[in-house]
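Here the structure is a predicted model, which is why all the values come from computation and not from measurement. Throughout, protein chains are lettered first and strands after them, A, B, ... in sequence-line order, and every chain is numbered starting at 1.
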There are 2 protein chains.
Amino acid sequence: MNKRVTLADVAAHAGVSRATASLVIRDAGNLADSTRERVRSSMLALGYVYHRGAASLRASQTKTVGLILPDPAYAFMGEMAISLESALAERGLLLLTANAFEDPQRQERLLRALIENQVDGLVVLPALGTDEAFADRLAATGIPTVVTIRAEAAHRTTYVGIDNVRGGELAGEHLLAHGCRQFVYLGGLVGLRPRQDRMTGLNAALARVPGARLVAHRPGPALGRWARDAAARLLAEGPVPDAIVCHNDPVAFGVYRALRDVAPHLVDRVRVVAFDDVDEAALWEPPISSVAANGREVGRRTATALLRLMDDPLAEPEVVLLQPELVVRRSCGCPAA
Amino acid sequence: MNKRVTLADVAAHAGVSRATASLVIRDAGNLADSTRERVRSSMLALGYVYHRGAASLRASQTKTVGLILPDPAYAFMGEMAISLESALAERGLLLLTANAFEDPQRQERLLRALIENQVDGLVVLPALGTDEAFADRLAATGIPTVVTIRAEAAHRTTYVGIDNVRGGELAGEHLLAHGCRQFVYLGGLVGLRPRQDRMTGLNAALARVPGARLVAHRPGPALGRWARDAAARLLAEGPVPDAIVCHNDPVAFGVYRALRDVAPHLVDRVRVVAFDDVDEAALWEPPISSVAANGREVGRRTATALLRLMDDPLAEPEVVLLQPELVVRRSCGCPAA
DNA sequence: TTGTAGGCGTTATCAT
DNA sequence: ATGATAACGCCTACAA
């Protein structure tokens, strides 16, 4: 339980002042190489560890960025987080990730915790049930903030996301070309923009073709198990649709499980298009056609936008919309590539 | 760009001293309710935000715990992280997650960053290529630390993990009972304990049955795409094994993709058992039999072990080994449940 | 029950 | 090229 080694100790050991030692640590100022060396070896000899907390207090910046995620189970968001973290690391920024588990209250607490920890920047992927008040509080923090993927809280803050309307349109157009007319939209949480937008796009495409329509839509957590049960119910209840548009890939996985368990003869008749294009989508049987969004790209762009905000506090908020692409495989009815 | 609201401002506004205001924030001391109220409303009125950094500097504890993960793409580790985070949150601890991407150098940098940020505790899931030196450095930090899942760096630190030897045995025994004799072990990174241990257990089971043997093992990143290619190569090269033991569920997904693409007639002949039992395993066709490890349980136990260490700095390191269970589905050759 | 004073470890400013 | 000194915002004795 020996006392902490501080900069003062190092300075004393090296026979210089604290100020000089500080400059050595930060590779700053104009110092003689010999001094640099001397201080460096003193640091090593004493086992000195930089106290970023103290530095932060003084310099009033922590070199950390907070990330609030709604649920780590969504692989797509994980991809986003990965590239965001890498991009920030290149600038010496540490990304502090925290999960709200789709709980607005928990999200609130995390936001406060992050603010109290003086993060220099903030990336928020709003949880389900995020309200206007949260968006306002976000804007009021004065911390450079960018909202991603879910546009919910992006009032006056920068937003980086995907053009989901276009995505829904893409899915619809392709399935229409296959001759599908009766559509179902499965999964996605009510009141969250991505679902809303994708359905808007889908409906727009359907409206252009006489006889085409959305016969049902079932909202829900975009998870495989939920989707399996939801799809089983759907198949039991009513007429079989020509096409099921799945809110994400795991939903498609669940749909096929249900199809095989409940109505194996329909596996090749019902056409499926999903969103996100997670790794597993290509491995599934049949390989899932999916509207790909490229989480890594979203992460990169988010980083860029955030750094811009952090570098220039006066920078205007912006909206970055990335265009999705349909990756055609077999679940939509196309022959094997 | 107005100046920061500090505790002193609040105190002045409420007509009390800084010390009193401080006590109010922390719900500590013996204060008159009226004083409490007055200070509280002053905080609200001024829009005061607690500066945890300053508090940490003074109290020399940050109420944060660092988590180093090797790769966020492994769903199993995500599960672990979830329950760990929840458990810590109950104690008012913020979990700071950082990803090393299986890169020991990056892991090294993250460790340093976390230490510099004065985390009160540390949970490490060692990256590929973690060496003894890292383990030593970990122990030398003096920070309460627990290593999970991969036993690599658990020299003198607490370790919470899964009994992988038993897991391998479980997989082997079940497949042997199905009459399998020619085994292949697919995936898992060389030099990482989980793979090594599972193979040890598998071999132990095989040794008990005459004629049973491991005809091949292919190490690799435990990802679906890699597994698809590896399995395709395996099928092209040599005699078809009776059973493929997959390092995790995604590997099994890849195996089935390869089977269907390269040798569809073998889909029902080759028996497969995987590890982890991720959500998708139950949805796959065929549903994957998997040695389940319960990441959430690992997370909970990790939290318990860490809190013990943090509460009592003199606590001895311990080793917690959780027992896995085989979840039987169809990929092993069992009939549908 | 409340106030006073000093310090946590670093960095910025101004001298020298 | 280097040093002295004063913050940064809070907490903890101890005193009143």
Subject >> Between P of D:dC11 and CG of B:Leu7, the distance in whole Å >> reply: 7 Å
Original post:
What is the distance, rounded to the nearest whole Å, between atom CD of B:Gln118 and atom C1' of C:dC8?
Top reply: 11 Å
Original post:
C:dG9 C1' sits how many Å from B:His51 NE2, rounded?
Top reply: 14 Å
Original post:
Within the structure, does a side-chain N or O atom of B:Arg26 lie under 4.0 Å from either OP1 or OP2 of D:dT12?
Top reply: yes
Subject >> Ion pair check, B:Arg112 and B:Glu108, cut-off under 4.0 Å >> reply: no
Subject >> Sidechain N-carboxylate O distance under 4.0 Å for A:Asp311, A:Arg91 >> reply: yes
Subject >> Residue whose nearest DNA chain C nucleotide is more 5′ - B:Leu23 or A:Ile25 >> reply: B:Leu23
Original post:
Taking 4.0 angstrom as the limit, do B:Arg106 and A:Glu85 come out as a salt bridge?
Top reply: yes
Original post:
What are the two closest heavy atoms between B:Ala127 and B:Leu192, and how far apart are they?
Top reply: O-CD1, 4.4 Å
**OP:** Identify the heavy atoms of B:Tyr159 and B:Thr148 that sit nearest to each other, and give their distance.
**Re:** CE1-C, 3.9 Å
**OP:** Would you mind reading off the distance between B:Leu46 atom CG and D:dG9 atom C1', rounded to a whole angstrom?
**Re:** 15 Å
Subject >> Rounded distance in Å - CZ (A:Arg18) to P (D:dT5) >> reply: 10 Å
Original post:
What is the minimum heavy-atom distance between A:Leu94 and B:Asn117, and which atoms define it?
Top reply: CD2-ND2, 3.7 Å
Original post:
Does A:Glu102 come within less than 4.0 Å of A:Arg150, counting only side-chain N to carboxylate O?
Top reply: yes
**OP:** Kindly state which residues belonging to residues 31-42 of chain B come within less than 4.0 angstrom of DNA chain D, counting heavy atoms of the residue only, listed by number.
**Re:** none
Original post:
Using a cut-off of 4.0 Å on non-hydrogen atoms, how would the nucleic acid contact of A:Ala55 be classed: base, sugar-phosphate, or nothing?
Top reply: sugar-phosphate
Original post:
Think A:Ser22 has a side-chain N or O under 4.0 angstrom from the OP1 or OP2 of C:dT11?
Top reply: yes
**OP:** Examine C:dG3: is either OP1 or OP2 under 4.0 Å from a nitrogen or oxygen in the side chain of B:Ser17? Give yes or no.
**Re:** yes
Subject >> Residues within residues 56-64 of chain A bordering DNA chain D, heavy-atom distance below 4.0 Å >> reply: A:Leu57, A:Arg58
Original post:
Has the side chain of A:Arg52 got a donor or acceptor atom sitting under 3.5 Å from an opposite partner on the base of C:dT10?
Top reply: no
Original post:
Taking all atoms of both residues into account, what is the closest heavy-atom pair of B:Leu128 and B:Pro104, and its distance?
Top reply: O-CG, 3.2 Å
**OP:** Decide side chain to side chain donor-acceptor pair (under 3.5 Å) for A:Ser56 and A:Gln118; before the verdict, give the C-alpha distance in whole Å, the side-chain angles of both, and the deciding distance to 0.1 Å.
**Re:** CA-CA 9 Å; A:Ser56 300; A:Gln118 313 294 126; over 6 Å; no
